[in-house]
Amino acid sequence: MFRKYDVIVVGAGHAGCEAAAAAGNLGSSVMLITMNMGTIAQMSCNPAMGGVAKGQIVREIDAMGGGSGIITDKTSIQFRMLNRSKGPAMWSPRAQVDRMRFAEEWRLMLEKIPNVDFWQDTVNSLIVENGKVCGVQTSLGIKIEAESVILTNGTFLNGLIHIGEKRFGGGRTAEKASQGITEQLVELGFEAGRMKTGTPPRVDGRSLDYAKMEEQWGDEERGEFSYTGIKKTTEQRCCWITYTNNNVHETLKEGFEKSPMFTGRIKGLGPRYCPSIEDKINRFAERDRHQIFVEPEGWNTVEIYVNGFSTSLPEDVQYKALKQISGFENVKMFRPGYAIEYDFFPPTQLKLSLETKLINSLFFAGQINGTTGYEEAASQGFIAGINAHRLINQKEAIILKRSESYIGVLIDDLVTKGTEEPYRMFTSRAEHRLLLRQDNADIRLTPIAHEIGLVNDERLQIVNKKIKNSDDIVKFVKANSIKPEEVNGLLEKVGTSTINQNVKLSAIIGRPQINFNVLKEVSISLETFLSSYDKETIEQAEIKIKYESYFEKELEIVNKMKKMEDKEIYRDFNYNEIISLSKEAREKLIKIKPKTLGQASRISGVSPSDVSVLMVHINR
């Protein structure tokens, strides 16, 4: 019934969609297996993409030819650039999207890739021969052969849903869990664990009183994720903000004795940075209110996502508490919130390519690796899809460095350090975040994607033109001056010191109070010169000028570390022979099997002196 495929992708969430698209676009024959063809790219939790550091990841995926940015732009209902008041390293794009259209557009995109086939079924075991995965077997008893397999099972592996004292199997509400894979992998020698996540109730927007809430509109000048220039509507939908109060908290406490989190029925560790509402009022008892974001699920639906109210309390307690939130007095609930426990596999069992160390040609991506969030999952799926294709074509794996992408930081953190709680990306995790901005993801990564065949010549030419044009702007402002009588009025107006002689335009732009938009109002030559450049290129040039000295220092650090990052450790290196290594370092190095000295230096328990000893032996 089925031919032998190059790549089988198990699961069609965000990781699975990106994996299938990447491998298929590179030329591999792909079989995407999902339990339900109607829930491809389903947004299980909030109807949004991006956010702090997550937005950078989506832009990186797009810069390399992935689909998340394009789909987001096609289906967004509101766009905001977060952290604009901070430096550009912190700017993070975020979009509310139409949940139903997001899933629809992903499916349509996948269906347009000739190499991608689909099958609706449940995979309950892998076919493994001589230490290599050779295919999968489904619940219908069908065996499908493949050169490689990518597992992107999300929360479905032995998923267990909790609502108060009720609990039942499921990978998502109204969808069954997946059994068999965890048990088989454990028999094969893998270590498994349990994690927990949750979601809030969904309510009827027609029953809310928005006049009692704060409006939250998107940016007036709407931005985008994709560098491809996808056409988008200028119209946006409003979101709202409201707050819990002491009455809400007291009502929620009434259900604590039936809370699966407090009674010990939930064993898995939940996400630290996205706690349930009951966890918030328990841990932060001194706070008399918590922020609630009221988010529409799409353009035409009345369903509302109650962001900030994730809970696994009994449904009657949820409903009673919701009614005491300002604006929710007459609320109608569509479905209650719930918590879900699921199996994951500590990611230290992976190579940096996301191939498992125990089974050749088997890749893990997404929540199976202990991450949380659509964006983190999508980036892993994207890299796994690329590397599965390259592995079966005897090509070297694509491993992005920490200094060139958030995706590189994410994967290196997972594989090198592991995680004991659902991993979420933050800008603080990236030591070179000043270089990893959302505005330059195309400059950093599109050349890599072009080299491996995911991006065409036209896109590379656009990036090269952006680099040249921004450099031309920088050269212009460094070569041309402005007179005191032209600019002093502006400088006084914005509260910065005036000048008493001609100075270069670059020196004025370098001031934090000044940008190109205001400066060109007093400089005819600058206004004339900039008229032929687009907004994104001008912004790129402005960032280069303002942060030039910081970039230079950061690059010096990267270059100093490069020798260590590039110093490879061959796979069968015998750490037991180095008696001067500490016992803990030796154990960790044997377990992780770092690919480079740089990776070894980031392993918890490996000290700087251990790294020095290791360097001496590698050089020998």
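- Side-chain atoms of Y338 come within 3.5 Å of backbone atoms of T173 as a donor-acceptor pair (strictly under, hydrogens ignored).
- Judged purely by atom type and a 3.5 angstrom limit, Q179 has no side-chain atom pairing as donor or acceptor with the backbone of N124.
- N393 places no side-chain N or O within donor-acceptor distance of the main-chain N or O of K395, the cut-off being under 3.5 Å.
- Between E587 and K591, none of the side-chain N atoms (NZ, or NE/NH1/NH2) sits under 4.0 Å from a carboxylate O, so this pair counts as no salt bridge.
- For the salt bridge (Lys or Arg N to Asp or Glu O under 4.0 Å) criterion with E147, the lone passing option out of R390, K4, R3 is K4.
- No side-chain donor-acceptor contact under 3.5 Å links T446 and D442.
- Between F309 and Q318, the shortest heavy-atom contact is CE2-O, 4.3 Å.
- Between L400 and M64, the closest side-chain pair of non-hydrogen atoms falls below 4.5 Å.
- Between H14 and the choices Y374, W106, F382, the ring-ring contact (aromatic ring centres under 6.0 Å, His included) rule is met once, by Y374.
- F426 and Y273 have perpendicular rings, their planes meeting at more than 60° on a 0 to 90° scale where under 30° would count as parallel.
- When the shell of 6.0 Å around CG of N574 is examined, it contains more than 12 heavy atoms from other residues, nucleotides or ligands.
- For K54 (side chain) and R424 (main-chain N/O), no donor-acceptor pair under 3.5 Å exists by modelled atom type.
- Salt bridge E303/R335: present, at least one basic N to carboxylate O contact under 4.0 Å.
- For the pair L597 and L614, the tightest heavy-atom approach, listed with the atom from each and the gap, is CD1-CD2, 3.8 Å.
- To the nearest 0.5 Å, the span separating CG on L350 from CD1 on I592 amounts to 10.0 Å.
- The heavy-atom pair separating D6 from S28 by the smallest distance is OD2-CA, 3.4 Å.
- Between the Q380 side chain and the G366 main chain, a donor and an acceptor come within less than 3.5 Å of each other.
- Using modelled atom types, one finds no donor on one side chain facing an acceptor on the other under 3.5 Å when comparing N46 with N307.
- No more than 12 heavy atoms of other residues, nucleotides or ligands sit less than 6.0 Å from atom NZ of K166.
- Annotation: the span from L185 atom CG to L157 atom CG amounts to 8.0 Å, rounded to 0.5 Å.
- Taking all atoms of both residues into account, the shortest heavy-atom contact from T199 to S310 is N-OG, 3.3 Å.
- In plain terms, the two heavy atoms of M425 and E376 that are nearest each other are N-OE2, 2.9 Å.
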Item to complete: Check the pair Y342 / T197 against side-chain contact (heavy atoms from CB on, under 4.5 Å), numbers first and verdict last.
Response: CA-CA 9 Å; Y342 55 94; T197 190; 4.0 Å; yes
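- A heavy-atom distance below 4.5 Å is not found between the side chains of P47 and D98.
- Using modelled atom types, no side-chain atom of T39 and backbone atom of Q42 make a donor-acceptor pair closer than 3.5 Å.
- Closest of all the heavy-atom pairs between S68 and A378 is OG-CB, 3.7 Å.
- K351 places none of its side-chain heavy atoms less than 4.5 Å from the side chain of V415.
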K258 and T263: side-chain contact (heavy atoms from CB on, under 4.5 Å), yes or no, with the steps?
CA-CA 7 Å; K258 295 182 179 179; T263 56; over 6 Å; no
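- Taking CD1 from I359 and CD from Q184, the interatomic distance works out to 8.5 Å, rounded to the nearest 0.5 Å.
- Using a 4.5 Å heavy-atom threshold, the side chains of M195 and Q367 count as separate.
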Exercise for review: Given side-chain contact (heavy atoms from CB on, under 4.5 Å), test F334 with E297 step by step and report yes or no.
Suggested key: CA-CA 12 Å; F334 280 169; E297 295 265 1; over 6 Å; no
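- At a threshold of 4.0 Å, the pair K401-D412 does not count as salt-bridged, since none of the basic side-chain nitrogens sits closer than that to a carboxylate oxygen.
- A donor-acceptor contact shorter than 3.5 Å links the side chain of E183 to the backbone of G180.
- Residues S125 and Q137 bring no donor and acceptor atom of their side chains to less than 3.5 Å of each other.
- No hydrogens or angles considered: a donor-acceptor pair under 3.5 Å links the side chains of S226 and D62.
- Side-chain N/O atoms of E421 and T372 include no donor and acceptor closer than 3.5 Å.
- Ring centroids of Y575 and F573 are separated by less than 6.0 Å, placing the two rings close together.
- Contact check on E565 versus R602 returns a salt bridge, with a Lys/Arg side-chain nitrogen under 4.0 Å from an Asp/Glu carboxylate oxygen.
- Between F345 and F364, the ring-plane angle classifies as tilted under the 30° and 60° cut-offs.
- Although no hydrogens or angles enter the test, the distance criterion places a donor-acceptor pair under 3.5 Å between the side chain of T155 and the main chain of G171.
- Between the side chain of N387 and the backbone N or O of A397 there is no donor-acceptor pair closer than 3.5 Å.
- Listed for the Q349 side chain is a donor-acceptor partner under 3.5 Å among the backbone atoms of E191.
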**Derivation and outcome, side chain to side chain donor-acceptor pair (under 3.5 Å), residues Q56 and S92** = CA-CA 6 Å; Q56 284 87 326; S92 302; 3.3 Å; yes
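- A salt bridge links R94 to E295: one of the charged nitrogens lies within less than 4.0 Å of a carboxylate oxygen.
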